[in-house]
Enquirer: 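One structure coming up, written as structure tokens, with questions to follow.
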Number of protein chains: 2
Amino acid sequence: MNSRIPSRERDKEDDLQRKRSKPPQRATIRDVARLSGVSRMTVSRVLSEPDVVLPATRERVAKAIADLGYVPDKAAGSLASRRTGFIALILPTLTNSNFSMVAHGLTEILRERDYDLLIAYTDYDLAEEERQLTNLLARRPEAIVLTGATHRRSAVLSLLRADVPVVEIADLPNQPIEHAVGFSNYEVGRTAARHLISKGFKRIGAIASKNDGDICDHRGEERVCGFEDELRLSGLSTDLVLRNGRAPVSYEHGSTAIGLLLDRAPDIEAVFAVSDLSAVGVVMECQRRGVDVPGRLSVMGFGNFDIGREINPPLTTIHVDFHALGQRAGRLLLELVAGTGEDASEIIDVGLSVVERGSVREANV
Amino acid sequence: MNSRIPSRERDKEDDLQRKRSKPPQRATIRDVARLSGVSRMTVSRVLSEPDVVLPATRERVAKAIADLGYVPDKAAGSLASRRTGFIALILPTLTNSNFSMVAHGLTEILRERDYDLLIAYTDYDLAEEERQLTNLLARRPEAIVLTGATHRRSAVLSLLRADVPVVEIADLPNQPIEHAVGFSNYEVGRTAARHLISKGFKRIGAIASKNDGDICDHRGEERVCGFEDELRLSGLSTDLVLRNGRAPVSYEHGSTAIGLLLDRAPDIEAVFAVSDLSAVGVVMECQRRGVDVPGRLSVMGFGNFDIGREINPPLTTIHVDFHALGQRAGRLLLELVAGTGEDASEIIDVGLSVVERGSVREANV
DNA sequence: CTGAAAGCGCTAACAT
DNA sequence: ATGTTAGCGCTTTCAG
């Protein structure tokens with residue numbers, strides 16, 4: 001058994017090799033080849049480019065595949081072809097429906113070229129992001145999608161070294177790693193402020209989470225910053241901007257925060273929550289305290305979550321089309337993995353819009 | 001170049017082989033071996049069992065790894081070791097926070113043994129479930145976690161053929177494919193009915209989605225069935241049990257459905273929604289219509305979602321510890337991939353509990 | 001249209 | 001403690 005058999009006989013040797021293994025092994029391409037009396041290459045072709053195979057052969061092979069329940073091993077295939085056929089997506093959380101929308105949009109587009117999407121999440125933790133990244137890189141994704149514009153330096157370095165296309169989503173970085181598809185969270189904040197100011201309010205507050213080391217919602221923070229800047233531009237005070245609690249924000253976060261704000265400044269007229277989730281919490285806490293929304297307090301959120309449309313009054317919010325964002329990112333990714341398209345870094349802004357509903361009214365002037 | 005070099009010189013031949021390739025190639029284990037003057041096996045050992053390598057050698061190798069930014073290729077490693085190091089999880093949707101909890105619980109446990117979790121979702125579509133499954137199987141997960149007890153026959157067959165451990169979660173199948181960790185959705189329905197009946201109500205309704213071919217929420221359906229059976233057992237009518245709209249249920253689904261029910265039977269006293277989401281929709285629609293909850297209508301949900309605690313009145317619901325469920329499934333999976341543990345099919349019931357809050361009151365008797 | 005050779009990057013199982 | 005051999009299951013490349 002140690003005498004090397006001339007290589008041109010290798011495929012014929014299969015029977016000998018397999019005979020030693022225990023019966024219930026998973027079928028390989030060899031088994032299919034043997035059963036249908038062709039070479040492994042022909043089986044491979046039936047799977048990847050069936051048209052070049054003679055119909056008769058093709059059917060024989062197809063039958064063998066079906067009979068054996070053969071499922072090709074993609075890992076082995078990737079190793080040989082140097083194409084793993086998947087793209088990685090790193091999200092802060094699975095629970096946010098806007099991020100799910102992104103995943104949906106991406107999946108739809110990537111499916112066109114048979115790419116799989118591998119989803120990982122970080123719980124808003126940059127250290128965890130790096131851990132996930134390192135892990136993912138070892139599986140050789142053909143491209144990587146990252147959420148947000150803020151990452152650990154060392155994570156960015158491994159990314160650069162890995163020489164894999166990178167797309168950042170959901171925020172437009174000033175210094176993108178490579179490409180980006182998103183919107184300006186800073187502009188979201190400014191837009192929200194402008195909207196409330198345009199309604200004639202003067203005592204305007206905001207609610208966000210506080211940064212806690214690696215655990216933070218940088219996109220939310222961007223939004224409050226934009227909000228504050230716009231207030232200042234209009235000569236209004238930012239005293240009622242509250243950063244409290246740890247990311248991610250939640251219903252409860254909104255309830256607690258508005259309680260604090262209401263106690264501190266009972267004359268507050270309007271408030272912007274960096275997420276609809278906390279905005280809903282605000283509205284619910286107001287219901288409990290008998291604070292009329294929008295009669296006494298106008299409330300505005302961000303994200304256009306389903307629940308915002310459902311509550312009473314329905315929530316005025318800022319909408320970003322995350323599904324379209326995912327699709328747009330998907331298109332870009334397909335170009336990148338195809339090697340088509342510019343080398344130049346693409347920055348795509350999907351924009352945003354104000355959705356006016358009942359939770360904001362005109363100020364009494 | 002066609003004269004075969006004696007095999008014991010193969011590793012020494014590396015330089016020649018690599019010289020032809022373009023410079024900026026990703027570093028392989030060979031590059032590391034060459035740079036640190038050891039064999040590839042030693043590099044491999046530094047990565048997998050560092051203790052058996054001499055400290056001096058280990059450090060030389062570690063330096064080379066760092067200098068080259070070497071990231072081992074897991075796909076190649078799996079091929080050789082026959083261990084892919086990941087487990088697949090198929091969820092109906094990413095948007096449901098209870099399923100996210102399951103993913104969290106699983107991740108926590110699997111991480112202990114360095115297993116990755118690969119998450120896929122189906123949008124409650126059994127055809128899509130099968131598609132995902134086929135796809136996943138080609139990547140050779142070491143185990144597969146499926147949601148629910150209902151699957152396409154052909155999907156189950158490929159699963160059986162693939163000879164990969166399977167765990168079904170979130171429902172306890174009568175005929176499990178193999179193992180299951182979950183709770184009885186049927187019992188959820190019965191428990192809800194018993195709770196409402198125990199409060200003295202007679203005119204009791206329910207709200208669920210309607211099956212639509214492959215797109216359906218079998219677990220929700222199980223819950224209404226249990227609910228109906230319990231009503232019958234108590235001699236109550238099931239006329240107010242409404243199946244309407246397509247899965248998954250939503251806030252809006254609840255609003256619409258309760259509207260229908262209220263119009264049809266204004267004297268309805270209590271209603272069970274198969275999900276907190278639709279239950280919240282019910283409460284919101286009641287607010288709009290001026291129907292007092294729980295004064296005129298008692299409302300009960302399932303799932304113990306955050307929003308239920310936040311609304312006014314807070315929602316009475318049925319709670320299942322999905323995080324623990326995920327962890328429990330994780331433990332089972334680790335046993336399965338380790339080959340430890342029984343061959344026998346394990347069925348683990350994580351139970352359920354009623355969470356009494358303000359949306360259900362005592363009937364006026 | 002089909003096949004043989006060669007090898008992807010790694011590790012199990014033996015050497016030494 | 002480290003190295004060598006052989007090959008995981010597939011595809012690329014080139015020959016016929």
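The basis for the numbers below is simple: all heavy atoms, side chains too, and nothing from hydrogens, waters or symmetry mates. The shown structure was predicted, so the numbers you read here are calculated from the model rather than taken from an experiment. Convention: sequence-line order gives letters A, B, ...; per-chain numbering from 1.
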Enquirer: Using modelled atom types only, decide if a donor and an acceptor are shared between the side chain of A/E142 and the backbone of A/T84 within a distance under 3.5 Å.
Expert: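 At least one qualifying donor-acceptor pair exists.
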Enquirer: Indicate for each nucleotide in nucleotides 11-16 of chain D, in 5' to 3' sequence, whether protein heavy atoms under 4.0 Å reach the base (B), only the sugar-phosphate (S), or nothing (-).
Expert: BBB---
Enquirer: Let me see the working for A/E130 and A/S154 under side chain to side chain donor-acceptor pair (under 3.5 Å), right down to the final yes or no.
Expert: CA-CA 8 Å; A/E130 181 168 19; A/S154 47; 2.7 Å; yes
Enquirer: Using distance only, find each side-chain donor-acceptor pair of residues 58-69 of chain B under 3.5 Å and give its atom names and separation, not counting sequence neighbours.
Expert:
| from | atom 1 | to | atom 2 | distance (Å) |
| --- | --- | --- | --- | --- |
| B/R58 | NE | B/P50 | O | 3.2 |
| B/R58 | NH2 | B/V53 | O | 3.2 |
| B/R60 | NH1 | B/S36 | O | 2.6 |
| B/K63 | NZ | B/D67 | OD2 | 2.7 |

Enquirer: Under the 3.5 angstrom rule, does the side chain of A/H179 hit a backbone N or O of A/P176 as a donor-acceptor pair?
Expert: no
Enquirer: Find the distance B/R26:CZ to C/dG9:P and express it as a whole number of Å.
Expert: 10 Å
Enquirer: Taking the nucleotide of DNA chain D with the closest heavy atom to each, which residue, A/L79 or B/D51, is nearer the 5' end?
Expert: B/D51
Enquirer: Please determine if a side-chain N or O atom of A/T42 lies less than 4.0 Å away from the OP1 or OP2 oxygen of C/dG3.
Expert: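 For C/dG3, OP1 or OP2 has a side-chain N or O of A/T42 closer than 4.0 Å.
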Enquirer: Check the distance between D/dG9's C1' and A/R34's CZ and give it to me in whole angstrom.
Expert: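 Answer to the nearest Å: 13 Å.
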Enquirer: So, does B/R140 get its side chain near the phosphate of D/dG9, meaning an N or O under 4.0 Å from OP1 or OP2?
Expert: no
Enquirer: Can you tell me the distance, in whole Å, between the NZ atom of B/K74 and the C1' atom of C/dT11?
Expert: 15 Å
Enquirer: Test A/Y70 against A/T28 for side chain to side chain donor-acceptor pair (under 3.5 Å), laying out the working first.
Expert: CA-CA 7 Å; A/Y70 168 65; A/T28 73; over 6 Å; no
Enquirer: In this structure, how many angstroms lie between the C1' atom of C/dG9 and the CG atom of B/D73, rounded?
Expert: 6 Å
Enquirer: Do B/L137 and B/V164 come within less than 4.5 Å of each other through their side chains, counting heavy atoms only?
Expert: yes
